[in-house]
Amino acid sequence: MSEYFSDVSKIVFEGEDSKNSLAFRHYDPEQEVEGKKMKDHLRFGAAYWHCMRNPLADPFGPGTALMPWDDGTDSVENAVKRTHVFFEFMEKIDIDYYCFHDRDIAPELASLSESNKALDAVVDELEKLQGETGKKLLWGTACLFAHPRYAMGAGTSPYVDVFAYSAAQVKKAIEATHRLGGEGYTFWGGREGYGSIINTNMKRELDHLARLLHMAVDYKKEIGFEGQFYIEPKPKEPTKHQYDSDSAACLNFLREYDLLDHFKLNIETNHAILAGHTVEHELQVAAAAGALGSVDANAGDELLGWDTDQFPTNVYDTTKVMLVLLEMGGFTTGGLNFDSKRRRESHEPIDLFHAHVGGMDAFARGLKNAAAIRADGRYENFLKDRYSSWDGELGSKIENGNTSLADLEAHALSNEPGILPSGRQEMLENLFNNFI
Ligand code: XLS
Ligand code: NI
Ligand code: NI
(Lines give C-alpha, C1' and ligand atoms only; values in the text may rest on other atoms or scores of the structure.)
(Ligands and ions follow the chains in the order given, each with its own letter.)
Protein backbone atom coordinates (compact mmCIF):
# COMPACT_ATOMS: atom_id res chain seq x y z
CA MET A 1 0.00 0.00 0.00
CA SER A 2 1.39 3.40 -0.99
CA GLU A 3 2.42 5.94 1.62
CA TYR A 4 0.49 9.17 1.45
CA PHE A 5 0.70 9.58 5.21
CA SER A 6 4.39 8.77 5.56
CA ASP A 7 4.72 10.57 8.90
CA VAL A 8 2.07 8.38 10.55
CA SER A 9 2.42 4.73 11.45
CA LYS A 10 -0.45 2.48 12.43
CA ILE A 11 -2.24 3.88 15.48
CA VAL A 12 -2.28 1.42 18.36
CA PHE A 13 -3.63 1.20 21.88
CA GLU A 14 -1.04 2.36 24.41
CA GLY A 15 -3.21 2.79 27.48
CA GLU A 16 -4.10 5.69 29.73
CA ASP A 17 -0.54 6.59 30.66
CA SER A 18 0.56 7.15 27.09
CA LYS A 19 1.70 10.68 26.21
CA ASN A 20 1.67 9.85 22.49
CA SER A 21 -1.02 11.99 20.82
CA LEU A 22 -1.26 9.49 17.98
CA ALA A 23 -2.11 6.49 20.13
CA PHE A 24 -5.35 5.24 21.62
CA ARG A 25 -5.58 5.63 25.35
CA HIS A 26 -8.98 3.93 25.67
CA TYR A 27 -9.85 2.28 22.37
CA ASP A 28 -8.45 -1.22 22.57
CA PRO A 29 -10.16 -3.00 19.67
CA GLU A 30 -9.78 -6.50 21.10
CA GLN A 31 -10.73 -5.68 24.70
CA GLU A 32 -14.02 -7.26 25.71
CA VAL A 33 -16.81 -5.24 27.23
CA GLU A 34 -20.00 -7.07 28.23
CA GLY A 35 -18.61 -10.13 26.46
CA LYS A 36 -18.02 -8.48 23.09
CA LYS A 37 -14.92 -6.89 21.57
CA MET A 38 -14.81 -3.09 21.58
CA LYS A 39 -14.43 -2.98 17.83
CA ASP A 40 -17.60 -5.07 17.42
CA HIS A 41 -19.58 -2.84 19.77
CA LEU A 42 -18.45 0.38 18.16
CA ARG A 43 -18.19 -0.60 14.48
CA PHE A 44 -16.46 2.66 13.56
CA GLY A 45 -16.92 4.04 10.08
CA ALA A 46 -15.00 6.76 8.21
CA ALA A 47 -16.93 9.19 6.00
CA TYR A 48 -15.42 9.44 2.54
CA TRP A 49 -16.88 12.90 2.03
CA HIS A 50 -15.27 14.49 5.07
CA CYS A 51 -11.95 12.65 4.85
CA MET A 52 -11.31 12.86 1.13
CA ARG A 53 -13.58 15.53 -0.33
CA ASN A 54 -14.11 18.19 2.28
CA PRO A 55 -11.92 21.20 1.44
CA LEU A 56 -12.86 22.78 4.80
CA ALA A 57 -14.46 25.87 3.28
CA ASP A 58 -16.89 28.02 5.25
CA PRO A 59 -19.36 30.73 4.16
CA PHE A 60 -16.62 33.36 4.42
CA GLY A 61 -13.76 31.68 2.66
CA PRO A 62 -12.54 28.83 0.48
CA GLY A 63 -11.11 25.52 1.56
CA THR A 64 -7.83 25.28 3.41
CA ALA A 65 -7.32 21.49 3.54
CA LEU A 66 -3.98 20.35 2.22
CA MET A 67 -4.46 17.31 -0.02
CA PRO A 68 -1.13 16.84 -1.77
CA TRP A 69 -2.37 13.66 -3.46
CA ASP A 70 -5.28 15.40 -5.21
CA ASP A 71 -4.70 17.18 -8.55
CA GLY A 72 -8.01 19.00 -8.22
CA THR A 73 -9.44 17.62 -11.48
CA ASP A 74 -12.59 15.63 -12.18
CA SER A 75 -10.65 12.82 -13.79
CA VAL A 76 -11.31 9.19 -13.00
CA GLU A 77 -7.56 8.75 -12.37
CA ASN A 78 -7.70 11.35 -9.63
CA ALA A 79 -10.78 9.68 -8.13
CA VAL A 80 -9.08 6.29 -8.19
CA LYS A 81 -5.98 7.73 -6.56
CA ARG A 82 -8.08 9.09 -3.71
CA THR A 83 -9.40 5.59 -2.95
CA HIS A 84 -5.82 4.51 -2.25
CA VAL A 85 -5.24 7.46 0.06
CA PHE A 86 -8.47 6.66 1.88
CA PHE A 87 -7.65 3.00 2.34
CA GLU A 88 -4.21 3.86 3.66
CA PHE A 89 -5.94 6.19 6.11
CA MET A 90 -8.36 3.47 7.24
CA GLU A 91 -5.52 0.98 7.65
CA LYS A 92 -3.48 3.36 9.79
CA ILE A 93 -6.34 4.64 11.94
CA ASP A 94 -7.67 1.08 12.36
CA ILE A 95 -11.23 1.72 11.19
CA ASP A 96 -12.99 -1.22 9.54
CA TYR A 97 -15.93 0.46 7.80
CA TYR A 98 -16.59 3.41 5.53
CA CYS A 99 -19.50 5.32 4.01
CA PHE A 100 -19.76 7.31 0.79
CA HIS A 101 -22.01 9.31 -1.52
CA ASP A 102 -21.82 8.37 -5.21
CA ARG A 103 -20.44 11.80 -6.08
CA ASP A 104 -17.72 11.72 -3.41
CA ILE A 105 -16.06 8.66 -4.80
CA ALA A 106 -16.53 9.49 -8.49
CA PRO A 107 -16.99 12.74 -10.38
CA GLU A 108 -20.25 14.06 -11.78
CA LEU A 109 -19.51 14.41 -15.49
CA ALA A 110 -21.31 16.00 -18.46
CA SER A 111 -24.05 13.35 -18.73
CA LEU A 112 -25.63 10.74 -16.48
CA SER A 113 -24.20 7.90 -18.53
CA GLU A 114 -20.66 9.31 -18.27
CA SER A 115 -21.08 9.80 -14.53
CA ASN A 116 -22.31 6.20 -14.25
CA LYS A 117 -19.27 4.94 -16.14
CA ALA A 118 -16.92 6.88 -13.88
CA LEU A 119 -18.71 5.47 -10.84
CA ASP A 120 -18.30 1.92 -12.17
CA ALA A 121 -14.57 2.46 -12.62
CA VAL A 122 -14.11 3.70 -9.06
CA VAL A 123 -16.30 0.94 -7.63
CA ASP A 124 -14.04 -1.59 -9.42
CA GLU A 125 -11.09 -0.11 -7.54
CA LEU A 126 -12.92 -0.02 -4.19
CA GLU A 127 -13.90 -3.64 -4.64
CA LYS A 128 -10.25 -4.53 -5.18
CA LEU A 129 -9.10 -2.52 -2.18
CA GLN A 130 -11.77 -4.05 0.06
CA GLY A 131 -10.60 -7.49 -1.03
CA GLU A 132 -6.97 -6.67 -0.23
CA THR A 133 -7.61 -5.06 3.15
CA GLY A 134 -10.82 -6.61 4.52
CA LYS A 135 -12.34 -3.15 4.96
CA LYS A 136 -16.12 -3.06 4.57
CA LEU A 137 -18.81 -0.69 3.41
CA LEU A 138 -21.15 0.34 6.25
CA TRP A 139 -23.48 2.19 3.90
CA GLY A 140 -23.64 3.98 0.60
CA THR A 141 -25.85 6.84 -0.50
CA ALA A 142 -26.56 9.14 -3.42
CA CYS A 143 -25.78 12.84 -3.33
CA LEU A 144 -29.14 14.37 -4.19
CA PHE A 145 -28.42 17.84 -2.86
CA ALA A 146 -25.25 19.40 -4.33
CA HIS A 147 -26.00 19.85 -8.04
CA PRO A 148 -28.13 22.90 -8.95
CA ARG A 149 -30.81 20.59 -10.40
CA TYR A 150 -31.56 19.60 -6.80
CA ALA A 151 -31.86 23.17 -5.51
CA MET A 152 -35.60 22.62 -5.00
CA GLY A 153 -35.34 19.05 -3.81
CA ALA A 154 -34.86 15.66 -5.47
CA GLY A 155 -37.66 13.25 -4.55
CA THR A 156 -39.71 16.32 -3.61
CA SER A 157 -38.83 18.51 -6.59
CA PRO A 158 -41.73 20.34 -8.24
CA TYR A 159 -40.23 19.11 -11.54
CA VAL A 160 -40.81 15.54 -12.70
CA ASP A 161 -37.57 15.31 -14.73
CA VAL A 162 -35.59 16.08 -11.60
CA PHE A 163 -37.52 13.40 -9.70
CA ALA A 164 -36.69 10.88 -12.46
CA TYR A 165 -33.02 11.89 -12.42
CA SER A 166 -32.83 11.40 -8.67
CA ALA A 167 -34.48 7.97 -9.06
CA ALA A 168 -31.80 7.06 -11.62
CA GLN A 169 -29.06 8.15 -9.22
CA VAL A 170 -30.60 6.16 -6.36
CA LYS A 171 -30.82 3.07 -8.57
CA LYS A 172 -27.18 3.33 -9.52
CA ALA A 173 -26.01 4.08 -5.98
CA ILE A 174 -27.90 1.05 -4.62
CA GLU A 175 -26.23 -1.08 -7.30
CA ALA A 176 -22.79 0.24 -6.30
CA THR A 177 -23.54 -0.37 -2.61
CA HIS A 178 -24.75 -3.88 -3.40
CA ARG A 179 -21.63 -4.69 -5.44
CA LEU A 180 -19.44 -3.57 -2.54
CA GLY A 181 -21.33 -5.72 -0.06
CA GLY A 182 -22.68 -2.66 1.75
CA GLU A 183 -24.43 -3.45 5.02
CA GLY A 184 -26.81 -0.56 4.52
CA TYR A 185 -27.98 2.26 2.30
CA THR A 186 -28.92 5.70 3.62
CA PHE A 187 -31.46 8.22 2.41
CA TRP A 188 -30.63 11.64 3.69
CA GLY A 189 -32.98 14.20 2.17
CA GLY A 190 -30.58 17.10 2.01
CA ARG A 191 -33.08 19.38 0.31
CA GLU A 192 -36.29 17.41 0.73
CA GLY A 193 -38.21 20.21 2.36
CA TYR A 194 -38.85 23.84 1.57
CA GLY A 195 -37.35 27.29 1.71
CA SER A 196 -40.80 28.81 1.87
CA ILE A 197 -44.20 27.21 2.26
CA ILE A 198 -45.71 29.90 0.02
CA ASN A 199 -44.62 28.12 -3.16
CA THR A 200 -44.83 24.55 -1.85
CA ASN A 201 -47.41 21.80 -2.25
CA MET A 202 -46.42 19.86 0.82
CA LYS A 203 -48.83 16.95 0.41
CA ARG A 204 -47.79 16.32 -3.17
CA GLU A 205 -44.08 16.51 -2.34
CA LEU A 206 -44.45 13.99 0.50
CA ASP A 207 -46.45 11.62 -1.71
CA HIS A 208 -43.66 11.77 -4.29
CA LEU A 209 -40.92 11.14 -1.74
CA ALA A 210 -42.80 8.06 -0.55
CA ARG A 211 -43.12 6.86 -4.17
CA LEU A 212 -39.35 7.14 -4.58
CA LEU A 213 -38.72 5.12 -1.42
CA HIS A 214 -41.24 2.44 -2.44
CA MET A 215 -39.51 2.10 -5.80
CA ALA A 216 -36.17 1.77 -3.99
CA VAL A 217 -37.63 -0.99 -1.79
CA ASP A 218 -38.88 -2.79 -4.91
CA TYR A 219 -35.53 -2.45 -6.63
CA LYS A 220 -33.68 -3.69 -3.59
CA LYS A 221 -35.74 -6.89 -3.69
CA GLU A 222 -35.35 -7.20 -7.44
CA ILE A 223 -31.55 -7.23 -7.31
CA GLY A 224 -31.31 -9.16 -4.03
CA PHE A 225 -29.70 -6.36 -2.01
CA GLU A 226 -30.10 -7.36 1.63
CA GLY A 227 -28.56 -4.30 3.26
CA GLN A 228 -30.63 -2.22 5.65
CA PHE A 229 -32.28 0.97 4.35
CA TYR A 230 -31.92 3.99 6.64
CA ILE A 231 -33.48 7.43 6.77
CA GLU A 232 -31.36 10.12 8.40
CA PRO A 233 -33.38 12.82 10.16
CA LYS A 234 -32.38 16.48 9.97
CA PRO A 235 -34.71 19.40 10.63
CA LYS A 236 -33.27 22.22 8.54
CA GLU A 237 -30.22 23.69 6.87
CA PRO A 238 -30.03 24.78 4.18
CA THR A 239 -33.80 24.39 3.96
CA LYS A 240 -36.02 26.18 6.43
CA HIS A 241 -37.77 22.88 7.03
CA GLN A 242 -36.87 19.34 6.05
CA TYR A 243 -39.63 16.74 6.03
CA ASP A 244 -37.47 14.15 7.80
CA SER A 245 -37.00 16.61 10.61
CA ASP A 246 -36.49 14.29 13.58
CA SER A 247 -36.96 10.68 14.63
CA ALA A 248 -40.64 11.13 15.40
CA ALA A 249 -41.38 12.87 12.09
CA CYS A 250 -39.51 10.16 10.16
CA LEU A 251 -41.36 7.37 11.94
CA ASN A 252 -44.69 9.05 11.26
CA PHE A 253 -43.82 9.46 7.58
CA LEU A 254 -42.74 5.82 7.29
CA ARG A 255 -45.93 4.63 9.00
CA GLU A 256 -48.21 6.84 6.99
CA TYR A 257 -46.78 5.57 3.72
CA ASP A 258 -46.48 1.94 4.77
CA LEU A 259 -42.67 1.92 4.70
CA LEU A 260 -41.89 1.18 8.33
CA ASP A 261 -40.97 -2.45 7.72
CA HIS A 262 -38.28 -1.46 5.25
CA PHE A 263 -36.43 1.35 7.00
CA LYS A 264 -34.53 2.10 10.16
CA LEU A 265 -33.10 5.43 11.24
CA ASN A 266 -29.55 6.72 11.06
CA ILE A 267 -29.32 9.25 13.87
CA GLU A 268 -26.80 12.09 13.77
CA THR A 269 -25.90 13.98 16.95
CA ASN A 270 -25.63 17.42 15.37
CA HIS A 271 -28.98 16.98 13.60
CA ALA A 272 -30.62 16.07 16.92
CA ILE A 273 -29.36 19.34 18.38
CA LEU A 274 -30.65 21.33 15.38
CA ALA A 275 -34.03 19.69 15.98
CA GLY A 276 -34.00 21.00 19.54
CA HIS A 277 -33.42 17.53 21.01
CA THR A 278 -30.57 15.69 22.64
CA VAL A 279 -29.05 12.80 20.74
CA GLU A 280 -30.18 10.35 23.44
CA HIS A 281 -33.74 11.56 22.94
CA GLU A 282 -33.52 10.86 19.21
CA LEU A 283 -31.93 7.47 19.82
CA GLN A 284 -34.57 6.49 22.36
CA VAL A 285 -37.45 7.50 20.11
CA ALA A 286 -35.98 5.40 17.30
CA ALA A 287 -35.14 2.45 19.56
CA ALA A 288 -38.63 2.40 21.10
CA ALA A 289 -40.03 1.90 17.60
CA GLY A 290 -37.53 -0.90 16.92
CA ALA A 291 -36.04 1.35 14.28
CA LEU A 292 -32.64 2.44 15.58
CA GLY A 293 -30.26 1.38 12.84
CA SER A 294 -27.06 3.36 12.80
CA VAL A 295 -25.40 6.51 14.12
CA ASP A 296 -23.59 9.40 12.45
CA ALA A 297 -21.21 10.24 15.23
CA ASN A 298 -20.32 13.90 15.55
CA ALA A 299 -20.96 16.90 17.79
CA GLY A 300 -22.35 20.38 17.37
CA ASP A 301 -21.32 23.62 18.96
CA GLU A 302 -23.87 25.09 21.32
CA LEU A 303 -22.87 28.61 20.33
CA LEU A 304 -23.20 28.03 16.59
CA GLY A 305 -26.59 27.36 15.07
CA TRP A 306 -25.65 25.07 12.21
CA ASP A 307 -24.43 21.58 11.42
CA THR A 308 -20.78 22.08 12.37
CA ASP A 309 -20.15 18.32 12.21
CA GLN A 310 -17.40 18.41 14.80
CA PHE A 311 -15.60 15.36 16.07
CA PRO A 312 -17.16 13.99 19.25
CA THR A 313 -15.01 14.63 22.30
CA ASN A 314 -17.58 14.96 25.08
CA VAL A 315 -17.43 11.79 27.17
CA TYR A 316 -20.66 12.61 28.94
CA ASP A 317 -22.46 12.52 25.58
CA THR A 318 -20.75 9.38 24.29
CA THR A 319 -21.64 7.62 27.56
CA LYS A 320 -25.31 8.46 27.05
CA VAL A 321 -25.22 7.27 23.44
CA MET A 322 -23.55 4.00 24.41
CA LEU A 323 -26.07 3.44 27.21
CA VAL A 324 -28.91 3.52 24.69
CA LEU A 325 -27.02 1.26 22.31
CA LEU A 326 -26.16 -1.29 25.00
CA GLU A 327 -29.75 -1.28 26.22
CA MET A 328 -30.85 -2.02 22.66
CA GLY A 329 -28.45 -4.96 22.44
CA GLY A 330 -26.00 -3.19 20.13
CA PHE A 331 -25.79 -2.62 16.41
CA THR A 332 -26.70 -5.24 13.83
CA THR A 333 -26.03 -3.68 10.43
CA GLY A 334 -25.21 -0.21 11.73
CA GLY A 335 -22.18 1.43 13.26
CA LEU A 336 -20.66 4.69 14.45
CA ASN A 337 -19.85 6.57 11.30
CA PHE A 338 -17.77 9.71 11.86
CA ASP A 339 -19.84 12.21 9.90
CA SER A 340 -17.40 14.74 11.28
CA LYS A 341 -15.00 17.24 9.82
CA ARG A 342 -11.93 19.01 11.06
CA ARG A 343 -12.05 22.73 11.75
CA ARG A 344 -10.92 25.00 8.92
CA GLU A 345 -7.80 25.78 10.92
CA SER A 346 -6.85 22.09 11.12
CA HIS A 347 -5.83 21.81 7.51
CA GLU A 348 -2.92 19.35 7.63
CA PRO A 349 -3.46 15.71 6.66
CA ILE A 350 -2.22 14.59 10.07
CA ASP A 351 -5.15 16.42 11.67
CA LEU A 352 -7.38 13.74 10.16
CA PHE A 353 -5.66 11.28 12.49
CA HIS A 354 -5.84 13.47 15.58
CA ALA A 355 -9.53 14.03 14.94
CA HIS A 356 -10.41 10.35 14.57
CA VAL A 357 -8.18 9.23 17.47
CA GLY A 358 -10.12 11.65 19.70
CA GLY A 359 -13.52 10.50 18.44
CA MET A 360 -12.65 6.83 18.82
CA ASP A 361 -11.24 7.28 22.30
CA ALA A 362 -14.29 9.33 23.34
CA PHE A 363 -16.59 6.50 22.27
CA ALA A 364 -14.39 3.83 23.84
CA ARG A 365 -14.65 5.69 27.13
CA GLY A 366 -18.40 6.09 26.60
CA LEU A 367 -18.68 2.35 26.09
CA LYS A 368 -16.69 1.49 29.21
CA ASN A 369 -18.64 4.03 31.28
CA ALA A 370 -21.99 2.79 30.03
CA ALA A 371 -21.04 -0.80 30.79
CA ALA A 372 -19.94 0.24 34.29
CA ILE A 373 -23.24 2.06 34.89
CA ARG A 374 -25.11 -1.06 33.84
CA ALA A 375 -22.95 -3.34 35.96
CA ASP A 376 -23.48 -1.09 38.98
CA GLY A 377 -27.22 -1.42 38.52
CA ARG A 378 -28.31 1.51 40.68
CA TYR A 379 -29.49 3.61 37.75
CA GLU A 380 -31.46 0.76 36.22
CA ASN A 381 -32.94 -0.21 39.57
CA PHE A 382 -34.07 3.33 40.22
CA LEU A 383 -35.92 3.43 36.91
CA LYS A 384 -37.44 0.02 37.48
CA ASP A 385 -38.57 0.99 40.93
CA ARG A 386 -40.01 4.31 39.77
CA TYR A 387 -42.47 2.50 37.52
CA SER A 388 -43.08 -0.47 39.79
CA SER A 389 -46.68 0.54 40.62
CA TRP A 390 -47.43 -0.43 37.03
CA ASP A 391 -46.29 -3.99 37.73
CA GLY A 392 -49.28 -4.64 39.99
CA GLU A 393 -52.69 -5.92 39.00
CA LEU A 394 -54.18 -2.58 38.00
CA GLY A 395 -51.12 -1.52 35.99
CA SER A 396 -51.08 -4.74 33.98
CA LYS A 397 -54.80 -4.50 33.34
CA ILE A 398 -54.38 -0.95 31.97
CA GLU A 399 -51.29 -1.86 29.93
CA ASN A 400 -53.11 -4.80 28.39
CA GLY A 401 -56.07 -2.66 27.41
CA ASN A 402 -58.45 -4.34 29.86
CA THR A 403 -59.83 -1.29 31.68
CA SER A 404 -62.36 1.44 30.99
CA LEU A 405 -62.59 4.97 32.31
CA ALA A 406 -65.37 3.78 34.62
CA ASP A 407 -63.12 1.06 36.11
CA LEU A 408 -60.47 3.65 36.82
CA GLU A 409 -63.02 6.00 38.31
CA ALA A 410 -64.06 3.24 40.71
CA HIS A 411 -60.41 2.72 41.64
CA ALA A 412 -59.69 6.42 42.02
CA LEU A 413 -62.66 7.00 44.32
CA SER A 414 -61.07 4.86 47.00
CA ASN A 415 -57.36 5.27 46.11
CA GLU A 416 -56.46 8.93 45.90
CA PRO A 417 -52.73 9.44 45.19
CA GLY A 418 -50.85 10.73 48.24
CA ILE A 419 -47.47 12.47 48.30
CA LEU A 420 -45.36 11.06 45.46
CA PRO A 421 -41.77 9.80 45.78
CA SER A 422 -39.06 12.22 44.61
CA GLY A 423 -37.80 12.03 41.01
CA ARG A 424 -34.24 12.34 42.42
CA GLN A 425 -32.90 14.00 39.27
CA GLU A 426 -29.92 15.53 41.05
CA MET A 427 -29.04 12.30 42.81
CA LEU A 428 -29.11 10.48 39.46
CA GLU A 429 -27.00 13.16 37.79
CA ASN A 430 -24.47 12.79 40.58
CA LEU A 431 -24.53 9.03 40.20
CA PHE A 432 -23.93 9.38 36.45
CA ASN A 433 -21.01 11.70 37.09
CA ASN A 434 -19.36 9.10 39.29
CA PHE A 435 -18.81 7.00 36.18
CA ILE A 436 -17.41 9.70 33.88
C1 XLS B 1 -25.48 16.20 6.23
C2 XLS B 1 -25.68 14.78 6.42
C3 XLS B 1 -24.99 13.89 5.40
C4 XLS B 1 -25.53 12.50 5.48
C5 XLS B 1 -25.23 11.66 4.27
O6 XLS B 1 -25.83 17.03 7.07
O7 XLS B 1 -25.28 14.45 7.72
O8 XLS B 1 -23.63 13.94 5.57
O9 XLS B 1 -25.04 11.82 6.58
O10 XLS B 1 -25.81 12.16 3.12
NI1 NI C 1 -24.96 12.54 8.48
NI1 NI D 1 -25.06 16.41 9.11
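As the structure lists them, so they are numbered: ligands from 1, and atoms in each ligand from 1. No hydrogens, no waters, no symmetry mates; every other heavy atom, side chains included, goes into these values. Keep in mind the model is a prediction, meaning the values are calculated, not measured.
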Measuring from the heavy atoms of His271, does anything fall under 4.0 Å of ligand 1?
yes
Under 4.0 Å from any heavy atom of Lys234, which atoms of ligand 1 are there?
6 (O)
For Asp71 and Thr73, which I'm curious about, is there any donor-acceptor pair between the side chains at under 3.5 Å?
yes
Arg82 with Glu125: basic N within carboxylate O range, under 4.0 Å
no
Do Glu114 and Lys117 sit within salt-bridge range, that is, some charged N less than 4.0 Å from a carboxylate O?
no
Does the N or O separation between Trp139 and ligand 1 drop below 3.5 Å for any pair?
no
Please name the atom of Asp339, restricted to N, O or S, that is closest to the Ni ion (ligand 2).
OD2
Need the ligand 1 atom indices (1-based, order shown) with element for anything under 4.0 Å from a heavy-atom of Asp296.
9 (O)
Would you say Asn298 and Asp339 are linked by a side-chain donor-acceptor pair, where the criterion is simply a distance under 3.5 Å?
no
Checking one value in my table: which N/O/S atom of His271 lies closest to the Ni ion (ligand 3)?
NE2
If you count heavy atoms of other groups shown closer than 6.0 angstrom to NZ of Lys240, is the number above 12?
no
for atom 2 (C) of ligand 1, nearest protein heavy atom and its distance come out as Glu232 OE2, 3.4 Å
For atom 5 (C) of ligand 1, which protein heavy atom lies nearest, and how many Å away is it?
His101 NE2, 3.2 Å
If you consider just the N/O/S atoms, which atom of Asp307 is the closest one to the Ni ion (ligand 3)?
OD2
Just give me the atom name: the N, O or S atom of Glu232 closest to the Ni ion (ligand 2).
OE2
Which atom name does Asp296 have for its N/O/S atom nearest to the Ni ion (ligand 2)?
OD2
Proximal heteroatom of Glu268 relative to the Ni ion (ligand 3) (N/O/S):
OE2
Below 4.0 Å from any atom of ligand 1, is there a heavy atom belonging to Thr186?
no
is_close_aromatic(Phe225, Tyr219), centroid dist under 6.0 Å
no
Using atom types as modelled and distance alone, determine if a side-chain donor or acceptor of Lys39 lies under 3.5 Å from a backbone N or O of Asp94.
no
Looking only at the side chains, is there a donor atom on one of Thr319 and Asn369 sitting less than 3.5 Å from an acceptor on the other?
yes
Once you measure the plane-to-plane angle for Phe229 and Phe263, does it fall in the parallel (<30°), tilted (30-60°) or perpendicular (>60°) bin?
tilted
Any N or O on Trp188 sitting closer than 3.5 Å to an N or O of ligand 1?
no
Check the angle between the aromatic planes of Phe338 and Phe44 and answer parallel, tilted or perpendicular using the 30° and 60° thresholds.
parallel
Should Asp339 be counted as touching ligand 1, given the test is an N or O pair under 3.5 Å?
yes
